[in-house]
**Student:** 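Take a look at this one; I'll ask things after.
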Amino acid sequence: MGSSLKEKIYKNIFLIVTAFSLVILFLIALFLFAEALPLFKNVSLIDFLFGKMWYPTMSPHSFGILPLILASFYVSFLSAIISIPLGIAFAVYLSELAPKGIKEVLKPLVELISGFPSVVLGFFGMVVIAPWMTNKLSPFFTETIPNFLSFLHLSYLSNFFANNLYIDVGLNITSASIMLAFITIPTIASLSEDALYLVPRTYKEASLSLGATKWETIKKIVLPAASSGIATAVMLGVSRAMGETMIVLMTCGGASMIPVRPFDPARPLPAAIAAEMGEAPYHSLHYEALFGIGAVLFILTLIFNILSDIARTQGEKKMKGKSV
Amino acid sequence: MVKIKTTNYNLFYGLKQALFDINMDIYKNKITAIIGPSGCGKSTLLRSFNRMNDLIDGVKAKGDIFIDDKSIYKDWDVVELRRKVGMVFQKPNPFPKSIFDNVIYGPRTSGIKDKRKLNDIMEKSLKQAALWDEVKDILRQSAMSLSGGQQQRLCIARAFAVKPEIILMDEATSSLDPISTAKIEELILELKKDYTIVVVTHSMQQAARMSDYTALLYLGKLIEYDKTEKIFTSPSNEITKNYVTGRFG
Ligand SMILES: Nc1ncnc2c1ncn2[C@@H]1O[C@H](COP(=O)(O)OP(=O)(O)OP(=O)(O)O)[C@@H](O)[C@H]1O
Ligand SMILES: [Mg+2]
């Protein structure tokens with residue numbers, strides 16, 4: 001058999017497999033939208049997306065998912081704030097500073113953590129983080145700090161702490177964000193490390209040979225050269241946080257109110273689907289609304305994935321000199 | 001006048017010794033060529049002068065190197081040393097930044113903030129590297145969009161912008177076409193009145209054309225080091241004779 005024929009066969013096999021999985025994905029998306037569609041005979045799209053009340057089982061019911069959308073954004077945003085600096089710092093340490101031996105141990109370890117079963121993380125959040133919040137952190141915010149501040153005669157600040165930072169529910173947005181960070185930090189660190197590793201050695205050598213210190217080289221050459229890869233990593237990390245279900249289901253408290261304080265309990269989109277799908281009667285409005293939530297979630301994660309792709313192509317352009 | 005002096009300099013990559021007891025005086029305002037077969041340690045020696053070998057894991061050095069009579073290990077701060085000893089690499093390696101940002105990278109890191117001053121340095125360096133006319137209208141464009149020869153001259157300009165006294169070039173023309181090579185050679189000859197230049201080259205003609213002094217390395221040892229004319233017309237060592245007449249290497 002000629003090698004070019006062999007090549008053709010392989011190529012076609014791969015093409016078929018790829019096409020097959022694309023079709024399946026497309027069908028899943030289609031199914032999602034088709035199941036959600038009948039809802040909009042009864043509820044307008046605006047009321048669905050921007051309605052402030054999610055009372056799917058009460059009568060009269062209300063299918064506004066704004067509290068759920070905001071909850072999703074809130075936890076993703078908080079976990080991003082925690083995990084972007086830590087993840088990138090960790091990546092820089094791994095790729096630029098750590099001795100070879102340490103890196104060889106740490107890198108696989110990080111990847112292992114990002115693949116940790118999220119139910120275990122959720123469980124940890126429930127039994128460790130949540131009690132710690134109510135028993136230790138809350139008194140610290142509402143007594144220790146205000147006492148210290150009033151001792152400094154800063155009564156306004158003191159009252160602010162005492163009145164706003166109490167934690168009455170341990171399962172809340174912050175707990176969920178912290179536990180989500182266990183997934184997003186390794187994701188961002190590992191992917192950013194790959195991006196940093198790909199920065200050509202010659203750039204670093206050029207920078208050092210011009211009298212830059214190691215730190216200046218990292219800051220001015222290595223990080224900017226890897227920036228699109230790091231942006232990709234961040235987007236994928238955030239999109240993971242947004243789609244992650246078990247952790248938010250177990251640690252976010254589940255209240256479907258519009259979240260305000262970081263210590264409010266909330267119900268992110270995936271948690272709503274997971275918690276309610278079992279009890280929603282087949283093809284009821286509630287059932288359709290949950291599919292609608294799925295569709296929204298699908299679109300949100302799709303947006304993040306597209307953004308990460310844009311970041312990647314932007315970086316490739318920069319390397320080819322098509323943009324500065 | 002001696003600018004660089006190596007005394008019993010040895011270098012090891014882990015257990016592998018790459019340089020053996022190198023004793024060599026490199027003269028100010030001269031062009032010194034280092035030649036020798038592949039793997040003989042030319043790059044290693046060149047990279048010793050600005051301590052670029054320090055970046056490689058497991059490198060150890062014995063002996064010393066003096067620049068302006070100060071030990072590069074004991075007396076020079078490594079950042080200061082690298083500002084004084086500029087380097088142009090084998091493959092052009094501009095940063096993926098604008099032409100402007102490439103040239104002023106060094107001065108900016110050394111703390112110069114004044115816009116006018118940076119502009120002056122940039123223009124002067126690009127002129128020195130014979131690149132100004134070609135890029136003066138596209139300074140904000142990415143350096144990656146230049147041709148290979150232009151990129152290499154940009155790297156030369158970038159090295160000059162730091163105001164070094166010594167320039168090290170490791171086969172800086174080997175990836176370039178003959179015209180770009182000629183331009184850069186001309187440039188190097190032009191520059192020697194202000195700088196001390198050390199070049200590594202595989203091209204015997206290039207060494208003969210440009211350099212005042214030539215050193216032949218073989219298996220990590222300095223075999224012969226003398227005026228270029230002497231090396232190419234009446235070498236005293238058998239290995240040198242064979243190498244420059246092209247019988248091996
Ligand atoms: N990073 C390194 N680790 C281990 N050994 C190295 C390293 N760099 C170079 N060597 C070894 O040191 C010796 C000298 O290498 P060097 O690169 O200095 O040679 P060279 O004369 O510049 O060769 P070429 O003409 O091919 O560039 C070679 O045997 C090489 O294998
Ligand atoms: Mg070499």
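Per chain, numbering begins at 1; letters A, B, ... match sequence-line order. As the structure is a prediction and not an experimental result, all values here were calculated from the model.
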**Student:** Any idea which heavy atoms bring A:Ile221 and B:Tyr105 closest together, and the distance?
**Tutor:** CG1-OH, 3.3 Å
**Student:** Relative to chain A, which segment of B:Glu80 carries a heavy atom at a distance below 4.5 Å: side chain, backbone, both, or neither?
**Tutor:** neither
**Student:** Do A:Leu208 and B:Leu55 pass the side-chain contact (heavy atoms from CB on, under 4.5 Å) test, and can you show the C-alpha distance, the side-chain angles, and the key distance before you say yes or no?
**Tutor:** CA-CA 10 Å; A:Leu208 293 166; B:Leu55 310 177; 3.5 Å; yes
**Student:** Does A:Lys103 have more than 12 heavy atoms from other residues, nucleotides or ligands lying within 6.0 Å of its NZ?
**Tutor:**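 Yes, NZ of A:Lys103 has more than 12 neighbouring heavy atoms, counting only those of other groups under 6.0 Å.
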**Student:** With a 6.0 Å cut-off (strictly less than), is the heavy-atom count around CG of A:Leu22, excluding the residue itself, greater than 12?
**Tutor:** yes
**Student:** Output yes when a side-chain donor or acceptor of B:Arg83 lies under 3.5 Å from a complementary backbone atom of A:Gly211, and no otherwise.
**Tutor:**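 Side chain of B:Arg83 to backbone of A:Gly211: a pair is present.
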**Student:** Between B:Asp57 and A:Lys100, is any pair of side-chain heavy atoms under 4.5 Å apart?
**Tutor:**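 Of all side-chain heavy-atom pairs linking A:Lys100 with B:Asp57, at least one is under 4.5 Å.
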**Student:** By a 4.5 Å heavy-atom criterion (distance strictly below it), what part of B:Val88 contacts chain A: side chain, backbone, both, or neither?
**Tutor:**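 Answer is neither: B:Val88 stays 4.5 Å or more from chain A.
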**Student:** Heavy-atom pairs under 4.5 Å with chain A - which of B:Arg47, B:Gln141, B:Met87, B:Lys91 has more of them than the others?
**Tutor:**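 Among B:Arg47, B:Gln141, B:Met87, B:Lys91, the one with the most close pairs to chain A is B:Arg47.
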**Student:** Does atom NZ of B:Lys60 have more than 12 heavy-atom neighbours from other groups under 6.0 Å away?
**Tutor:**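 Not more than 12 within 6.0 Å, no.
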**Student:** Tell me if the NZ atom of B:Lys192 is crowded by more than 12 foreign heavy atoms within 6.0 Å.
**Tutor:** yes
**Student:** Should A:Thr202 and B:Phe89 count as side-chain neighbours, where that means a heavy-atom distance under 4.5 Å?
**Tutor:** no
**Student:** Checking heavy atoms, do the side chain of B:Pro164, its backbone, both or neither come under 4.5 Å from chain A?
**Tutor:** neither
**Student:** Going by an N to O cut-off under 4.0 Å, is there a salt bridge joining B:Arg108 and A:Glu216?
**Tutor:** no
**Student:** Please flag which part of B:Val79 lies under 4.5 Å from any non-hydrogen atom of chain A: side chain, backbone, both or neither.
**Tutor:** both
**Student:** Select one option (side chain, backbone, both, neither) describing which atoms of B:Ser98 are under 4.5 Å from chain A's heavy atoms.
**Tutor:** both
**Student:** Once you round to the nearest 0.5 Å, how far does CZ of B:Arg82 lie from CG of A:Leu210?
**Tutor:**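 Separation between the atoms: 10.5 Å.
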**Student:** Under the 3.5 angstrom rule, does the side chain of B:Asn93 hit a backbone N or O of A:Tyr203 as a donor-acceptor pair?
**Tutor:** no
**Student:** Can you confirm whether B:Asp69 is buried at CG, in the sense that more than 12 heavy atoms of other residues, nucleotides or ligands lie under 6.0 Å from that atom?
**Tutor:** no
**Student:** Against chain B, work out which of A:Lys318, A:Lys320, A:Lys220 has the most heavy-atom pairs shorter than 4.5 Å and name it.
**Tutor:** A:Lys220
**Student:** Counting only heavy atoms closer than 4.5 Å, note whether B:Arg51 contacts chain A via side chain, backbone, both or neither.
**Tutor:**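 Neither; nothing under 4.5 Å.
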**Student:** Taking atom CD1 of B:Ile179 as the centre, report whether more than 12 heavy atoms of other residues, nucleotides or ligands fall under 6.0 Å from it.
**Tutor:** no
**Student:** Among A:Arg201, A:Lys204, A:Glu205, which has the most heavy-atom pairs under 4.5 Å with chain B?
**Tutor:**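 Result: the option with the highest number of such pairs is A:Glu205.
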